[in-house]
Amino acid sequence: MTITDIIKNATKEAITSLYGESPSQPITINETRKDFVGDFTVVTFPFTKLAKKKPDEIGEELGKKLTEEVDQVTGYNVIKGFLNLEIADSYWSNFLQSVNELTDYGQLPPTGEKVMVEFSSPNTNKPLHLGHIRNILLGWSCAQILEAAGNEVVKVQIINDRGIAICKSMLAWKKFGEGETPESSGIKGDFLVGKYYVLFQTKLNEEYAEWQSTDTADTLYTEKAKEGQSKEAFFKAYEKKYFNEYSDLGKETKALLLQWEAGDEDARALWEKMNSWVYSGFGTTYESLGVSFDKLYYESNTYLLGKDFIDDGLSKGTFYKKEDGSVWIDLEDAKLDHKLVLRSDGTSVYMTQDIGTAELRYKDFGTKKMVYVVGDEQNYHFKVLFEIMKRIGAPYADGLYHLSYGMIDLPTGKMKSREGTVVDADDLVAEVIQEARNSSTERGDLDHISEEERSEIYKKIGLAAIKYFILKVNPQKRMVFNPQESVDLQGDTGPYIQNAFVRIKSVLQKAGQSSFPLATEYTSLESVERELITILHKFPEVIQAAADHYDPSLIASFNFDLAKSYHKFYHDCKIITAETPEAKDFRLLLSSNVSKVLEKSMLLLGIEMPNRM
RNA sequence: GGCUUUGUAGCUCAACUGGAUAGAGUCCCUGACUACGAAUCAGGAGGUUGCAGGUUCGAAUCCUGCCAAAGUCACCA
């Protein structure tokens with residue numbers, strides 16, 4: 001039982017015995033704010049009705065009783081109805097000892113649950129960019145957090161490796177590529193394919209521009225344009241129709257897609273070749289970010305799945321068929337719309353695939369919980385998907401969760417691929433590492449070690465900066481990505497936290513001890529020391545909260561609090577040259593355990609600690 | 001237009017899900033290295049929590065109405 005539970009229970013009992021009635025609401029207990037004396041605060045307002053007394057009086061009576069009856073409570077004060085309880089130093093130092101004895105403090109007991117986390121899930125027609133990075137970091141971090149919370153975790157992605165977009169880059173390469181390969185050009189595979197995707201768009205634009213001066217186009221404009229609509233605006237809006245109905249490139253692309261779907265050998269071979277380039281490129285990016293997956297799903301294998309459920313649902317009346325043969329589901333009673341699940345030609349849509357894929361995954365892993373890390377533009381899609389899964393009776397339907405995150409904006413505005421403002425993942429990673437190298441070189445602390453070791457450290461620092469910068473923001477919120485701030489090494493940043501760790505490593509090394517005697521004689525704690533221990537104390541509940549809410553930003557701010565507190569402690573208290581041997585032992589023990597927790601909790605964000613920096 | 005989300009210091013973010021005087025970082029001032037690592041610490045300045053009502057002991061948080069931004073309302077993915 002935790003100390004907060006002890007206090008809660010004791011409060012409940014005390015209220016009952018004092019006022020003859022058990023409180024109906026759950027007891028709220030908070031950490032005491034820094035400007036007041038005490039560790040935990042009981043809010044007495046909710047008891048006023050029951051006790052028929054003023055909050056202050058209740059606070060006094062309750063405080064007295066709790067001090068008498070709970071060993072750990074040594075004193076109290078009441079301010080405006082808030083009862084601040086002081087916890088014995090011995091409780092905190094005993095607690096520190098117990099953390100010290102654990103090798104895996106923070107690891108929560110097994111839940112017996114298996115959770116799947118899907119993240120990244122890119123298209124294979126262009127390189128990964130900043131948006132993917134947020135997705136990847138969130139997914140990876142969530143997986144770590146869920147694991148720490150006692151779950152077995154399976155990390156997967158579904159790769160969007162087929163479809164019209166992929167065919168565009170394939171066609172462009174076929175027509176204009178002249179056999180170019182990553183080897184022949186020296187261009188990283190995913191960038192090379194991306195180059196042809198862009199080229200396709202350029203060629204299409206040219207073709208479209210030319211077409212706009214034909215008679216057909218003219219007639220169309222005069223007939224269909226809205227009043228006052230300029231030629232430019234009209235054709236801009238007409239682009240998709242043009243692609244589908246008039247464009248030669250469009251026709252060829254669609255033909256290629258049909259060939260691919262029919263299993264045409266050449267089409268498949270080209271597809272496999274170009275995809276393999278992309279995968280090798282992605283592999284490099286994932287490696288540089290330090291992430292990996294347990295299983296990859298490919299849309300080319302899953303895009304036909306899900307139809308069985310539609311048939312089954314049709315016979316049960318979950319779905320209905322329109323006259324044209326298309327199949328729909330009516331979700332109006334769930335405040336959603338009617339949604340198409342099968343086209344009139346019998347082919348499936350995105351939704352259908354997702355139904356099938358969920359089922360496939362359940363068969364593969366038996367996971368009753370699945371987390372989809374996907375941008376918030378698909379909120380509605382997942383609402384609908386989850387509702388459908390419920391209605392077709394999937395046994396895991398209640399365990400589906402959409403970890404939705406906001407788009408990333410640049411200080412200059414939205415990222416737009418068309419305007420070339422997209423930040424490439426690889427460039428960004430290289431940049432932050434370079435930045436770490438620059439500052440470190442300026443400092444000169446690492447001059448005496450090998451370049452190889454240094455590079456490792458720069459990489460850790462740079463990645464810490466970028467990862468922490470992104471993960472500290474609540475996923476739900478849109479965030480502004482300022483490149484300059486993302487490589488900051490001071491203040492509320494990853495490197496600041498690493499620095500606390502490095503300082504500890506340095507002190508421990510200088511102290512020359514590998515283990516620390518139990519410092520039971522050290523009985524009167526400095527306030528910074530107590531604060532540090534109370535933060536350590538919170539670690540398990542922070543992990544639990546982060547897992548419950550699928551929110552790494554809680555872990556990030558925990559890390560910052562701990563590091564900040566340690567920096568202050570380090571500044572205020574002498575460790576090796578402490579006043580007494582007991583103080584020295586205690587502080588070494590404290591430092592050692594802070595470093596242990598820092599390291600573990602940064603790993604929950606996918607951030608590694610250097611031993612020096 | 002309907003629905004969903006967001007709006008907090010100049011800027012980037014918090015606020016334990018209804019609790020005390022709304023906190024950090026950054027920026028701008030000011031102090032602390034012959035110190036266990038100054039990527040640090042301490043102090044100052046900076047706020048009508050988008051606006052207006054309501055609910056109650058108590059609201060950034062819940063309710064209503066506006067305002068602003070974003071997303072979505074495809075036989076696209």
Side-chain angles (χ1 to χ4, degrees), chain A residues 28-36 41 43 45-46 48-49 54-55 79-82 84 123 160 162-165 240 299 303 322 324-328 335-337 340-345 347-351 353-354 375-381 383 404 406-407 409 411 414 436 439-440 442-443 445 461 469 472-474 476-482 485-486 488-493 495-500 502-511 538 541-542 545 549 553-554 556-557 560-561 563-564 566-578 587-588 591 612-613:
Chain A
T28 52
I29 154 164
N30 308 311
E31 284 161 44
T32 303
R33 294 173 57 115
K34 277 184 189 168
D35 5 337
F36 301 103
T41 297
V43 183
F45 290 99
T48 47
K49 273 184 195 150
K54 286 180 185 166
I79 296 165
K80 295 205 290 185
F82 294 90
N84 301 321
N123 292 345
N160 215 308
R162 48 138 255 130
I164 198 81
K240 238 163 222 174
E299 204 196 306
Y303 80 108
K322 282 193 181 173
D324 62 3
S326 59
V327 180
W328 297 72
K335 289 188 174 175
L336 299 165
D337 242 321
L340 176 99
V341 290
L342 223 50
R343 296 192 185 101
S344 50
D345 63 4
T347 56
S348 55
V349 290
Y350 192 42
M351 192 63 73
Q353 287 178 45
D354 271 1
D376 64 6
E377 60 208 346
Q378 293 192 35
N379 282 353
Y380 185 75
H381 172 79
K383 258 190 194 167
S404 163
M407 299 291 108
D409 294 321
K414 289 171 73 168
S439 333
S440 178
E442 221 171 275
R443 265 171 247 280
D445 291 337
I461 298 172
F469 185 79
K472 75 173 180 175
V473 181
N474 183 321
Q476 194 188 15
K477 294 195 179 179
R478 263 184 112 83
M479 65 174 289
V480 177
F481 185 86
N482 185 324
E485 285 175 19
S486 75
D488 272 353
L489 309 173
Q490 287 155 18
D492 186 8
T493 67
Y496 171 93
I497 297 163
Q498 289 178 321
N499 184 231
V502 167
R503 282 180 135 181
I504 296 174
K505 287 288 149 187
S506 173
V507 174
L508 294 184
Q509 202 187 1
K510 287 224 165 89
K538 277 193 293 192
E541 49 185 280
V542 172
H549 297 96
S553 72
L554 298 174
S557 57
F560 179 65
D561 287 347
K564 185 177 157 71
Y566 189 82
H567 277 307
K568 186 176 166 55
F569 161 75
Y570 183 91
H571 182 267
D572 289 356
C573 303
K574 288 177 182 169
I575 300 170
I576 294 174
T577 53
R587 286 170 188 168
L588 284 171
S591 299
R612 47 169 83 172
M613 62 195 288

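Order of the sequence lines sets the chain letters (A, B, ...), proteins ahead of strands, with each chain counted from 1.
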All stems that RNA chain B takes part in, i.e. 3 or more consecutive Watson-Crick or G-U pairs with distances under 3.5 Å, are B:1-7 with B:67-73, B:10-13 with B:23-26, B:28-32 with B:40-44, B:50-54 with B:62-66
Integer angstrom distance from the C1' of B/U56 to that of B/G18: 10 Å
Using a heavy-atom cut-off of under 4.0 Å over every strand shown, decide if A/Lys574 touches base, sugar-phosphate, or nothing. base
I want to check one thing: is the phosphate of B/A38, taken as OP1 and OP2, less than 4.0 Å away from some side-chain N or O of A/Arg503? yes
Taking atom C1' of B/A74 as reference, at what distance in whole Å does atom CZ of A/Arg343 sit? 10 Å
When you get a sec, tell me which of B/A77, B/U21, B/U26 is the closest nucleotide to the side chain of A/Glu299? B/A77
Let me know the distance between OH of A/Tyr496 and P of B/U26, rounded to the nearest Å. 9 Å
With rounding to the closest Å, how many angstrom separate the C1' atoms on B/U49 and B/A24? 16 Å
Looking across every strand, which nucleic acid part, if any, lies under 4.0 Å from A/Gln378 by heavy atom: base, sugar-phosphate, or nothing? base
When we call it a touch if two heavy atoms are under 4.0 Å apart, what does A/Ile461 touch: a base, just sugar-phosphate, or nothing? base
In terms of side-chain heavy atoms of A/His571, which of B/A77, B/G37, B/C41 is nearest? B/C41
Sub-3.5 Å pairs of nitrogen or oxygen atoms, protein against nucleotides 58-62 of chain B:
none

Assign A/Tyr350 to base, sugar-phosphate, or nothing according to its heavy-atom contacts below 4.0 angstrom with the strands shown. base
Just call it for A/Val542: base, sugar-phosphate, or nothing, with non-hydrogen atoms closer than 4.0 Å on any strand. nothing
Does A/Ser591 use its side chain to pair, donor to acceptor, with the backbone of A/Arg587 at less than 3.5 Å? yes
Pair A/Asp409 + A/Arg478: basic N to acidic O under 4.0 Å: yes
Please report, rounded to the nearest Å, how far the P atom of B/A77 is from the OH atom of A/Tyr380. 16 Å
Protein within reach of the bases, or only the backbone? For nucleotides 11-19 of chain B, mark each nucleotide 5' to 3' as B, S or -, using heavy atoms under 4.0 Å. -SSS--B-B
From A/Ile79 CD1 over to A/Arg33 CZ, what is the distance, rounded to the nearest 0.5 angstrom? 11.0 Å
Among the nucleotides B/G25, B/C75, B/A39, whichever has the atom closest to the side chain of A/Met613 is B/A39
Find the distance A/Asp354:CG to B/A77:C1' and express it as a whole number of Å. 10 Å
Contact class for A/Lys538 (heavy atom, under 4.0 Å): base, sugar-phosphate, or nothing? nothing
Glycosidic torsion of B/U17 (syn if within 90° of 0, anti otherwise) classifies it as syn
Mapping A/Thr41 and A/Leu489 to their closest nucleotides on RNA chain B, which lands nearer the 5' end? A/Thr41
Send over the distance from A/Lys335 NZ to B/G2 C1', rounded to a whole Å. 13 Å
Student check: side-chain heavy atoms of A/Asp337 and A/Tyr380 closer than 4.5 Å: yes
A/Lys80 or A/Lys564, whichever maps to the more 5' nucleotide of RNA chain B: A/Lys80
If we take the P atom in both B/C11 and B/U64, what is their distance in whole Å? 29 Å
Give a yes or no answer on whether the side chain of A/His567 reaches the backbone of A/Asn499 with a donor-acceptor pair at less than 3.5 Å. no
Within 45° cone and under 6.0 Å: A/Arg503 NZ/CZ vs A/Tyr566 ring: no
